[in-house]
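The structure appears below as structure tokens.
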2 protein chains.
Amino acid sequence: MIESRDLLFRALADPTRRALFERLCEGGEQSVGALTAPSGISQPAVSKHLAVLRQAGLVAGRHAGRQSYYRAQPAALAPLVDWTGRMTRFWEARFDDLDDVLKRMDQ
Amino acid sequence: MIESRDLLFRALADPTRRALFERLCEGGEQSVGALTAPSGISQPAVSKHLAVLRQAGLVAGRHAGRQSYYRAQPAALAPLVDWTGRMTRFWEARFDDLDDVLKRMDQ
DNA sequence: TTTACCCATAACCAGATAATTATGGATTGG
DNA sequence: CCAATCCATAATTATCTGGTTATGGGTAAA
């Protein structure tokens, strides 16, 4: 549970992995070869990054003959959105508290 | 520019740093000592994490006598929210494209 | 002033990480 | 069947990272 959120944050920490995820979000399903070509790194490196993204739930893979196709799963971003929302809400709640204090001081 | 987003993602990749940020969001401004006590790690480690968070813009520091107080700056999360939104929008756009294709096939 | 305290930085170390090359399994094409 | 292609995994390596202890500067307290 807390573990999966950690996987998510960690997976997105690497710029190369984010670039792969962005490509898949923007360009749809693509083969490992298609992802490797413009990446500037070796094919094994791409495969490893995809494995990390898959473990975090951010991508899903599919085999077709001798190629593997990967597609983005942006729904996996939900925990991240939740977390940022919660942090912001804490923040706003503190402002509300401050408002309360100020209002009480007015009286 | 693109650098700052990387700082942000990387800063949030570590669970200890996220915990510090959460504490500051939830509990408001706190001294290094107050943050160290329940953290389970040494004071220098906390100081270094706070430096990373500060470089990412996620916290701000203030000196008062011999103590340093830090507070959260959740507004720094904005680029992250933007990014997740963009990724999700790409995704939805692709669904729209698929809808178009299906509608054309119906005709 | 002298002592104690708070914090940041330095120096160092162990484990994680991201890259490479080498290899092999599975599949397609000739 | 044979050769070529695609991809994942293994092995290796250099670098990054997160932790520690040691230290010192600055402030408060005695």
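Sequence lines set the chain letters: A, B, ... in the order given, protein chains first and strands last, and positions in each chain run from 1.
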Rounding to an integer number of Å, can you tell me how far [X] [atom1] sits from [N] [atom2]?
X       : N      : atom1 : atom2 : value
A:Gln43 : C:dA19 : CD    : P     : 14 Å
B:Gln30 : C:dC6  : CD    : C1'   : 16 Å
B:Phe9  : D:dT17 : CZ    : P     : 16 Å
B:Arg62 : C:dC6  : CZ    : P     : 16 Å
A:Ile41 : D:dA8  : CD1   : P     : 13 Å
B:His63 : D:dT27 : NE2   : C1'   : 12 Å

Pair A:Asp6 + B:Arg18, salt bridge at N-O below 4.0 Å: yes
Answer yes or no: is there a donor N or O on one side and an acceptor on the other, between the side chain of B:Arg17 and the main chain of B:Arg10, under 3.5 Å? yes
Parallel, tilted or perpendicular: which describes the rings of A:Phe9 and A:Trp83, with under 30° parallel and over 60° perpendicular? perpendicular
On the nucleotide [N], are OP1 or OP2 found under 4.0 Å from the side-chain N or O atoms that [X] carries?
X       : N      : result
B:Ser42 : D:dT21 : no
A:Ser47 : D:dT9  : no
A:Tyr70 : D:dA8  : yes

Using a 4.5 Å cut-off on heavy atoms from C-beta on, say whether the side chain of A:Val59 contacts that of A:Arg54. yes
Is there side-chain contact between A:Thr84 and B:Thr84, with heavy atoms separated by less than 4.5 Å? no
Rounded to the nearest 0.5 Å, what separation is found between the CD atom of B:Glu29 and the OH atom of B:Tyr69? 7.5 Å
Rounded distance (nearest 0.5 Å) linking atom SG of B:Cys25 with atom CZ of A:Arg86: 11.0 Å
Do any N or O atoms of the protein come closer than 3.5 Å to N or O atoms of nucleotides 13-18 of chain C, and which pairs are they?
from, atom 1, to, atom 2, distance (Å)
C:dA18, OP1, A:Arg17, NH2, 3.4
C:dA18, OP2, A:Arg17, NH1, 3.3

Classify the side chain of A:Arg66 versus the base of D:dC7 as yes if they form a donor-acceptor pair under 3.5 Å and no if they do not. no
Go through D:dC7, D:dA8, C:dA19 for me and flag the one nearest to the A:Gln67 side chain. D:dC7
Does A:Tyr69 reach a base, just sugar-phosphate, or nothing at all? Heavy atoms under 4.0 Å. nothing
